[in-house]
Amino acid sequence: MAEYMSTRDVKRLEEGSKATVRGWVYRWRDLGKRVFIVVRDSEGILQLVASKGFTPEDVIEKARRASIESSIIAEGVVRRDRRAPGGVELRLTNLEIVGHAEDFPIKGGEGIDYLLDIRHLWIRSRKLTAMWRLRHKAFEIFREFFKKRGYWEVSPPMLTQAAVEGGATLFEVNFFGKKAYLTQSAQFYLEALIFSLERVWTLAPSFRAERSRTRRHLYEYWHLEAEAAWERMDGMMRLVEDLVAYTVGRLVETAHEELEVLGRNVEALEPSRKTPYPRITYEEAINILKRKGVKVEYGDDLGADEERILTEEFETPFFITHFPLELKSFYMKEDPQRPGHALAFDLLAPEGVGEIVGGSEREDNYEVLRKRIEERGYNVDDYQWYLDLRRYGSVPHSGFGLGVERFLMWVGGRDHIRDTIPFPRFRDRIYP
Ligand code: 4AD
Ligand code: MG
């Protein structure tokens, strides 16, 4: 039995070498004397040629029947040819059709709703495959980064008892007759774990029952979160910019093929490999928007449109800090230097993407935090365990959450967040 090679490895072989590959028929062309098949596997694509005089007749016949998306095993001889994709083709000596494909329902030019219904087939496309690879590499780099920084990876629950980011976007779950929720953020559990491990991080799903359907919201997304004891807002912002700059840099170095298939202008990412990133306060953000003719007032929340306009001012990610307390979550610490403002930061990605990270220093005083919970009209009982953390050896601490799909939207240059996750959940359909 021949040893199988990936389409990538075949491209490294010398002219005349024998090789066996397996994959799926990506393109197919019958020119009479010659049949061209482009086969794809997880590593890329490779041209196969069945030609009269070289390829046995029965193999040419099989090549004629190899429909788009059929799975095949192909044996042949390497030939360098500048016209072939990647400069190499395989002249067929043998071909096995392993699984014949019926008429494939995606031919190009279909509408989004149709394609989403057959997402399980659409995920094979070259662009989406490049995104799954980019995603994998980003996950690897995140893990590498936190390991280098001495952070412990932990596993918080997905089923929770109280809201982290407010009740409006909670998904309710019937937990043996009691109300529970799908987590919006692992933050509170990470806060509990810093009393044991000091510096922790996790990469897990978060759930948001978002009201509006936008190009940057998912109902289920992957959330990279970290929390550190003793860390103040400034140190946490430095960690965030280091993480983002490091990951972008490593992706540019190790995922150029994926970024090329995605059509990403990699040059535009270069400036983001360097830190520090620019910092503006919320107040400065409002003033920039006003100067640009946007109708906003101090105290307004910054929505997707405002964020997009702000990103025109920067070519790298940038921080917005010191939001009015009431615009932000109850757990954020008030800045003693600027009463009424939170020690909070958002990191916005350039090129129109907007917020990719939200973080803050946390309120660590029991009484202050309890009052905040009451002021917001939340039920203190629901937060008793969270308040306990302020009763037994409280410590200054800070943390953040990065939306992985938002990050990939930016790095991968995608217009819509659904292009960054294999099976996005939608309100009107949960399948496939
Ligand atoms: O700003 P958010 O709501 O902050 C938190 O959840 C904090 N508890 C995190 C923490 O401090 N540990 O969410 C963090 C990030 C956002 O900046 C955004 O990138 C992403 O999560 N995000 C979403 N991504 C996709 N779809 C949604 N519906 C999202 N909601 C938030
Ligand atoms: Mg936020």
Side-chain angles (χ1 to χ4, degrees), residues 116 119-120 139 142 152-197 200-214 216-227 328-332 357-360 362-364 366 369-392 394 397 399-406 417-418 420-432:
L116 283 172
R119 183 67 165 186
H120 54 296
F139 276 44
F142 292 148
W152 294 91
E153 185 170 0
V154 295
S155 309
M158 301 302 104
L159 286 170
T160 67
Q161 174 237 335
V164 178
E165 296 300 331
T169 62
L170 275 181
F171 278 112
E172 207 174 294
V173 175
N174 179 339
F175 194 74
F176 301 105
K178 282 201 225 80
K179 258 191 208 170
Y181 307 98
L182 295 178
T183 186
Q184 298 167 311
S185 160
Q187 182 189 323
F188 291 178
Y189 297 96
L190 298 188
E191 283 188 61
L193 280 159
I194 61 164
F195 291 85
S196 137
L197 292 167
V200 297
W201 74 283
T202 190
L203 180 48
S206 277
F207 301 84
R208 305 278 170 112
E210 298 284 354
R211 303 283 138 195
S212 52
R213 202 172 152 168
T214 77
R216 59 175 208 168
H217 283 101
L218 288 166
Y219 299 102
E220 176 182 23
Y221 72 98
W222 283 72
H223 206 169
L224 178 70
E225 296 184 271
E227 195 75 28
K328 289 291 187 185
S329 305
F330 74 90
Y331 53 72
M332 292 179 177
V357 174
S360 72
R362 320 304 192 188
E363 181 51 68
D364 48 33
Y366 179 87
L369 187 61
R370 194 191 151 95
K371 227 175 97 222
R372 288 278 204 84
I373 293 170
E374 282 167 354
E375 278 165 10
R376 296 268 170 131
Y378 302 156
N379 182 357
V380 174
D381 288 344
D382 288 347
Y383 295 92
Q384 204 51 61
W385 74 263
Y386 184 61
L387 282 163
D388 267 358
L389 305 178
R390 279 74 183 162
R391 291 172 66 205
Y392 303 100
S394 193
H397 63 285
F400 74 90
L402 173 143
V404 170
E405 289 78 15
R406 296 260 185 103
I417 199 163
R418 67 170 164 246
T420 63
I421 186 162
F423 297 100
R425 304 293 71 168
F426 291 101
R427 191 178 297 197
D428 43 349
R429 69 178 117 204
I430 210 164
Y431 58 88

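Heavy atoms only: backbone and side chains are in, while hydrogens, waters and symmetry mates are out. Just so we're clear, the structure is a prediction, and the values are computed from it rather than from any experiment.
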Colleague: What are the two closest non-hydrogen atoms of Pro156 and Ala186, and how far apart are they?
Modeller: CG-CB, 3.4 Å
Colleague: Give me the ring orientation class for His223 and Tyr221: parallel if the planes are under 30° apart, tilted from 30 to 60°, perpendicular past 60°.
Modeller: tilted
Colleague: For Leu170, which residues count as a side-chain contact (heavy atoms from CB on, under 4.5 Å) partner, sequence neighbours excluded?
Modeller: Ala163, Tyr181, Gln184
Colleague: Decide if the gap between the ring center of Trp201 and the ring center of Phe400 is smaller than 6.0 angstrom.
Modeller: no
Colleague: Could you tell me if the side chain of His397 sits less than 4.5 Å from the side chain of Glu227, heavy atoms only?
Modeller: yes
Colleague: Are the side chains of Arg208 and Glu220 in touch, meaning some heavy atoms are under 4.5 Å apart?
Modeller: no
Colleague: Report yes or no: is the cationic atom of Arg390 (NZ for Lys, CZ for Arg) closer than 6.0 Å to the six-membered ring centre of Tyr386, at no more than 45° off its axis?
Modeller: yes
Colleague: Sub-3.5 Å donor-acceptor pair from the side chain of Ser394 to the main-chain atoms of Asp364, do we have one?
Modeller: yes
Colleague: Distance alone, cut at 3.5 Å: any donor-acceptor contact between the side chains of Ser360 and Arg362?
Modeller: yes
Colleague: Closest approach of Arg418 and Pro424, non-hydrogen atoms and distance?
Modeller: CB-CG, 4.0 Å
Colleague: Counting N and O atoms only, with roles assigned by atom type, does the side chain of Thr202 sit under 3.5 Å from a partner on the main chain of Ala204, one being a donor and the other an acceptor?
Modeller: no
Colleague: Is there side-chain contact between Phe139 and Val404, with heavy atoms separated by less than 4.5 Å?
Modeller: yes
Colleague: Find out whether Glu374 and Val380 are in side-chain contact, i.e. whether some heavy atom of one side chain is under 4.5 Å from a heavy atom of the other.
Modeller: yes
Colleague: Given 3.5 Å as the limit, does a donor-acceptor pair link the side chain of Glu405 with the main chain of Trp222, or not?
Modeller: yes
Colleague: Do the side chains of Leu197 and Val154 get nearer than 4.5 Å, heavy atoms only?
Modeller: yes
Colleague: Taking atom types as modelled, find out whether Tyr331 and Gln187 have a side-chain donor-acceptor pair closer than 3.5 angstrom.
Modeller: yes
Colleague: Can we call the ring centroids of Tyr219 and Phe207 under 6.0 Å apart?
Modeller: no
Colleague: Please indicate whether Phe171 has more than 12 foreign heavy atoms, meaning atoms of other residues, nucleotides or ligands, lying under 6.0 Å from its CZ.
Modeller: yes
Colleague: Mind running side-chain contact (heavy atoms from CB on, under 4.5 Å) on Gln161 and Trp385 for me, showing each step along the way?
Modeller: CA-CA 11 Å; Gln161 174 237 335; Trp385 74 263; 3.5 Å; yes
Colleague: If you define the side chain from C-beta out and look only at heavy atoms, does anything of Lys179 sit under 4.5 Å from Phe175?
Modeller: no
Colleague: Let me see the working for Leu182 and Glu172 under side-chain contact (heavy atoms from CB on, under 4.5 Å), right down to the final yes or no.
Modeller: CA-CA 7 Å; Leu182 295 178; Glu172 207 174 294; over 6 Å; no
Colleague: So do the side chains of Phe423 and Arg425 get within less than 4.5 Å of each other, counting heavy atoms only?
Modeller: yes
Colleague: I'd like to know if the side chain of Arg119 reaches the main chain of Pro422, judged simply by a donor and an acceptor atom lying under 3.5 Å from each other, with no hydrogens or angles considered.
Modeller: yes
Colleague: Is the shortest side-chain heavy-atom distance between Arg406 and Ile417 below 4.5 Å?
Modeller: yes
